[in-house]
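All values derive from a computational prediction rather than experimental measurement. Here is how names work: the chains are called A, B, and so on, in the same order as the sequence lines, proteins then strands, and each is numbered from 1.
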There are 2 protein chains.
Amino acid sequence: MSVRLRPIQALRLWQEVGLSMVRRHAVDLTQRQMVILLTIYLEPPPHTVRGLAAKLGVTKPVITRALDAMGELDLVSRRRDPADRRNVIIQRTVRGSLFLDEFSDRVVEAAGALSP
Amino acid sequence: MSVRLRPIQALRLWQEVGLSMVRRHAVDLTQRQMVILLTIYLEPPPHTVRGLAAKLGVTKPVITRALDAMGELDLVSRRRDPADRRNVIIQRTVRGSLFLDEFSDRVVEAAGALSP
DNA sequence: CCCGATCGTTTCACATCCGTATCATCTTTC
DNA sequence: GAAAGATGATACGGATGTGAAACGATCGGG
């Protein structure tokens with residue numbers, strides 16, 4: 001049950017969603033931060049810094065700093081892996097779940113309103 | 001002919017598209033810049049700085065600087081309005097059209113690949 | 001003609017993000 | 001146990017975005 005979308009509809013969808021985010025002065029995440037957040041919430045744990053860095057094709061400091069920023073916003077949390085204390089396990093938070101719920105609702109709504 | 005999308009599909013779509021952008025080390029536009037670019041290409045001209053600022057609910061310098069950045073990348077161009085030389089008319093470019101064409105293709109492809 | 005209004009840009013101080021290199025800590029191997 | 005490897009965090013220098021305020025250029029009504 002794939003989703004059929006035409007190019008012009010894709011552009012309008014992105015514009016509409018982006019516009020609603022900008023106008024609300026909502027939480028303004030970088031594209032990378034958003035991808036990291038989505039990966040944490042969509043893919044099976046455990047998530048580590050090096051795993052995310054490899055998946056995104058970026059360096060580890062990028063992940064660390066993105067987690068710093070999103071941790072400050074309480075969108076994700078970190079704790080040491082007790083089994084291997086070098087690892088950091090990245091975890092979801094209530095606020096992060098809520099944020100993505102609202103975001104997805106906005107996308108669904110915008111998609112439903114696409115006209116042509 | 002609206003597009004029916006479930007919340008989980010919306011999140012996966014955003015993740016997939018964002019991931020492909022990040023991995024390609026592609027042009028990295030701010031959310032605001034992307035919205036501005038989409039507005040210029042999707043809505044009927046003429047586009048002015050104040051018009052875009054009002055539509056997005058941001059200050060004019062934000063638009064000016066976004067246009068600076070995207071103009072540097074040759075995604076948009078500016079010229080003075082000959083009728084009222086205070087105005088600046090923002091125009092599309094070949095490179096900007098190409099960029100959005102490729103972007104929309106990526107979105108369409110990701111949407112078609114959504115499984116559940 | 002001139003003075004207020006409009007439009008886009010610039011300035012300033014500040015914050016954030018990036019990539020590279022380096023660091024401290026922890027684990028594994030010999 | 002000591003050395004090598006792995007892991008995440010930090011330091012540094014540079015680039016870029018932001019909001020608020022002020023600026024120069026241009027238009028238009030009296």
Quiz item: Mapping A/D68 and B/P61 to their closest nucleotides on DNA chain D, which lands nearer the 5' end?
Solution: A/D68
Quiz prompt | Given DNA chain D, 5'-ward residue of the pair A/V88 and B/R32, judged by closest heavy atom | solution = A/V88
Quiz prompt | Side-chain donor/acceptor contact of A/R78 with base of D/dG8 under 3.5 Å | solution = no
Quiz prompt | D/dT26 phosphate, OP1 or OP2, under 4.0 Å from B/R85 side-chain N/O | solution = yes
Exercise. To the nearest Å, give me how far apart CZ (B/R86) and C1' (C/dA5) are.
Key: 8 Å
Quiz item: Are the side chain of B/Q9 and the backbone of B/R6 linked by a donor-acceptor contact shorter than 3.5 Å?
Solution: yes
Quiz item: Between C/dC17, D/dT26, C/dC26, which nucleotide gets closest to the side-chain atoms of A/A69?
Solution: C/dC17
Quiz item: What is the distance from CZ of B/R80 to P of D/dT26, rounded to the nearest Å?
Solution: 8 Å
Quiz item: Checking all strands, does B/V58 fall into the base, sugar-phosphate, or nothing category for heavy-atom contacts under 4.0 angstrom?
Solution: nothing
Quiz item: A/E72 near the nucleic acid: base, sugar-phosphate alone, or nothing, with a heavy-atom cut-off under 4.0 Å?
Solution: nothing
Practice problem: Look at the side chain of A/R65 against the base of C/dG19 and say whether a donor-acceptor pair falls under 3.5 Å; ignore hydrogens and angles. | Solution: yes
Quiz item: Can you check side chain to side chain contact (heavy atoms under 4.5 Å, CB included) on B/R50 and B/N87, steps first, answer last?
Solution: CA-CA 9 Å; B/R50 74 185 179 289; B/N87 290 349; 3.5 Å; yes
Practice problem: Name the closest nucleotide to the A/T59 side chain, picking from D/dA20, D/dC27, C/dT20. | Solution: C/dT20
Quiz item: Would B/Q31 and A/Q31 count as having a side-chain donor-acceptor pair, cut-off 3.5 Å?
Solution: no
Practice problem: Using a 4.0 Å heavy-atom cut-off across all strands, classify B/Q31 as base, sugar-phosphate, or nothing. | Solution: nothing
Quiz item: Does A/R92 reach the main-chain N or O of A/I40 with its side chain, forming a donor-acceptor pair under 3.5 Å?
Solution: yes
